[in-house]
A.B. asks: 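Supplied in structure tokens, the structure appears directly below.
Letters go in sequence order (proteins before strands), and every chain restarts at 1. Bear in mind that the values here come from a model prediction, so they are computed numbers and not experimental data. Heavy-atom basis, side chains included; hydrogens, waters and symmetry copies ignored.
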Amino acid sequence: MNLSKSTQIVEPSWLARPSPEVAPDLVGCTIVRQFPDGTIVRGMIVETEAYGPNDPACHAYRCRTQRNWVMFGPPGISYVYLIYGRYHCFNIVTDQDGVASAVLIRALEMECVPSWINLPQGAKRHRIAAGPGKLCEVLQIDRSLNAQILAIGQSLWLEHRSGELQPELVQTTRIGLSQGVDLPWRWYLKDSLCVSKL
DNA sequence: TCTAAGATGGCA
DNA sequence: GCCATCTTAGAA
């Protein structure tokens with residue numbers, strides 16, 4: 001008899017809430033990346049930021065565009081965009097269909113270092129996914145994974161926290177913005193060495 | 001069409 | 001602190 005907790009996959013309905021509610025709940029969840037050859041890489045979310053309607057920092061603040069239309073879609077899909085012409089950022093679309101809302105994943109604690117990542121001499125292996133652009137490189141996320149459904153067996157999906165305990169979170173303002181700087185919509189795992197800023 | 005700025009990260 | 005590098009949105 002197996003009484004141990006089985007893995008709980010995050011369902012779209014769980015994400016159908018305002019992003020500032022979902023973002024702290026996502027810390028401690030695990031992102032699973034599956035490649036076409038079946039290889040699987042996993043990392044625990046340690047840092048998130050929420051973006052939503054009436055939020056001047058949100059890409060969808062003004063109107064629907066070719067880039068941001070995914071944010072208006074139903075919860076449980078990916079929103080991937082390119083920033084500064086060189087880095088990708090990975091978001092999880094939240095809230096009801098039609099509400100422009102998403103959670104930016106800013107840092108992961110990797111279960112192990114994927115073989116395609118070669119660590120430079122002296123590099124800290126626990127910081128390979130400490131930052132939104134870095135985690136996309138480690139998980140090989142680019143715009144081809146934009147607007148994908150996050151479900152088991154796909155390229156990406158999410159698993160709920162395994163522990164019983166709520167992780168201890170710290171809430172702060174968001175990073176790297178010029179608009180909406182006062183909204184305290186960033187959360188990270190307290191004392192984690194894998195967050196984007198130490 | 002043109003251009004300024006961007007939810008970054010690496011290196012000096 | 002500086003800058004690479006290029007897409008995007010918004011102005012002209």
A.B. asks: Between atom CD1 in A:I128 and atom P in B:dG9, what is the gap in whole Å?
C.D. replies: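 Value for this atom pair: 14 Å.
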A.B. asks: What is the distance, to the nearest angstrom, from the CD1 atom on A:I83 to the P atom on B:dA4?
C.D. replies: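 Result: 19 Å.
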A.B. asks: Indicate whether OP1 or OP2 belonging to B:dA7 is found under 4.0 Å from a side-chain N or O atom of A:H59.
C.D. replies: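 It does, given that an N or O in the side chain of A:H59 lies less than 4.0 Å from OP1 or OP2 of B:dA7.
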A.B. asks: Is the CD atom of A:Q148 crowded by more than 12 outside heavy atoms at less than 6.0 Å?
C.D. replies: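 Yes.
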A.B. asks: Atom CD1 of residue position A:I9 - does it have more than 12 heavy atoms of other residues, nucleotides or ligands inside 6.0 Å?
C.D. replies: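 Check passes, neighbour count above 12.
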A.B. asks: Is there a path of hydrophobic side-chain contacts, each under 4.5 Å between heavy atoms, that joins A:M71 and A:V80?
C.D. replies: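 No; A:V80 is not reachable from A:M71 via cluster members.
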A.B. asks: Using whole Å, report how far CZ of A:R86 lies from P of C:dC6.
C.D. replies: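 After rounding, the gap between these two atoms is 8 Å.
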A.B. asks: Side chains of residues 82-95 of chain A: which donor-acceptor partners sit under 3.5 Å, not counting sequence neighbours?
C.D. replies:
{"from": "A:N91", "atom 1": "ND2", "to": "A:Y79", "atom 2": "O", "distance (Å)": "3.2"}
{"from": "A:T94", "atom 1": "OG1", "to": "A:S101", "atom 2": "OG", "distance (Å)": "2.6"}

A.B. asks: Please report, rounded to the nearest Å, how far the P atom of C:dC6 is from the CZ atom of A:R143.
C.D. replies: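 One finds 11 Å between P of C:dC6 and CZ of A:R143, rounded.
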A.B. asks: For A:K197 and B:dG9, what is the distance between atoms NZ and C1' respectively, to the nearest whole Å?
C.D. replies: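 Answer to the nearest Å: 8 Å.
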A.B. asks: Measure the distance from NE2 on A:H88 to C1' on B:dG9 and round it to the nearest whole Å.
C.D. replies: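 Atom NE2 in A:H88 sits about 14 Å away from atom C1' in B:dG9.
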A.B. asks: Do you know which of A:W187, A:Y188, A:W185 makes side-chain contact (heavy atoms from CB on, under 4.5 Å) with A:T48?
C.D. replies: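 Answer to the side-chain contact (heavy atoms from CB on, under 4.5 Å) test with A:T48 among A:W187, A:Y188, A:W185: A:W187.
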A.B. asks: Got a minute to check which stems DNA chain C is part of, using Watson-Crick or G-U wobble pairs under 3.5 Å, three or more consecutive?
C.D. replies: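 When the pairs of DNA chain C are grouped into runs of at least three, the stems are B:1-6 with C:6-11, B:8-11 with C:1-4.
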A.B. asks: Rounding to an integer number of Å, can you tell me how far A:F90 CZ sits from B:dA7 C1'?
C.D. replies: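 Computing the A:F90:CZ to B:dA7:C1' distance gives 14 Å.
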A.B. asks: Which pair of heavy atoms, one from A:I128 and one from A:V138, lies closest together, and at what distance?
C.D. replies: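 Looking at all heavy atoms of both residues, the closest pair is O-CG2, 3.4 Å.
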A.B. asks: Does the structure show A:Y87 stacking with B:dG9, if we require the centres to be closer than 5.5 Å and the planes to be within less than 30 degrees of parallel?
C.D. replies: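 Check failed, A:Y87 does not stack on base of B:dG9.
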A.B. asks: Does any residue of residues 167-185 of chain A have a heavy atom under 4.0 Å from DNA chain B, and if so, which ones, in number order?
C.D. replies: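 Result for residues 167-185 of chain A: A:G176, A:L177, A:S178, sorted by number.
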A.B. asks: Looking at B:dG10, B:dA7, C:dT7, which one has an atom nearest to any side-chain atom of A:R106?
C.D. replies: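 The closest nucleotide is B:dA7.
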A.B. asks: Between A:P132 and A:L82, name the one whose nearest nucleotide on DNA chain B is closer to the 5' end.
C.D. replies: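 Going by which nucleotide is closer to the 5' end, it is A:L82.
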A.B. asks: So what does A:R127 touch, heavy atoms closer than 4.0 Å: a base, only the sugar-phosphate, or nothing?
C.D. replies: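 If one applies the 4.0 Å heavy-atom cut-off, A:R127 turns out to touch nothing in the nucleic acid.
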A.B. asks: Kindly give the heavy-atom pair with the smallest separation between A:C194 and A:L108, and that separation in Å.
C.D. replies: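 Answer, listing the atom of A:C194 first, then A:L108: CB-O, 3.7 Å.
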A.B. asks: Test side-chain hydrogen bond (donor to acceptor under 3.5 Å, both in side chains) on A:S196 and A:E47 and set out the steps.
C.D. replies: CA-CA 8 Å; A:S196 61; A:E47 181 180 348; 2.8 Å; yes
A.B. asks: Counting only heavy atoms not in A:Q171, do more than 12 sit closer than 6.0 Å to its CD atom?
C.D. replies: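 Yes, CD of A:Q171 has more than 12 neighbouring heavy atoms, counting only those of other groups under 6.0 Å.
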A.B. asks: Pick base, sugar-phosphate or nothing for A:L104, based on heavy-atom distances below 4.0 Å to the nucleic acid.
C.D. replies: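 Result for A:L104 = base.
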A.B. asks: Judged by each residue's nearest nucleotide on DNA chain C, which is more toward the 5′ side, A:Y84 or A:T65?
C.D. replies: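 The residue whose closest nucleotide sits nearer the 5' end is A:Y84.
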A.B. asks: Roughly how many Å is it from CD1 in A:I141 to P in B:dT8, rounded to a whole number?
C.D. replies: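 Answer to the nearest Å: 16 Å.
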A.B. asks: Within the 4.5 Å heavy-atom criterion, are A:W14 and A:L26 side-chain neighbours or not?
C.D. replies: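 Counting from C-beta outward, A:W14 and A:L26 do come under 4.5 Å.
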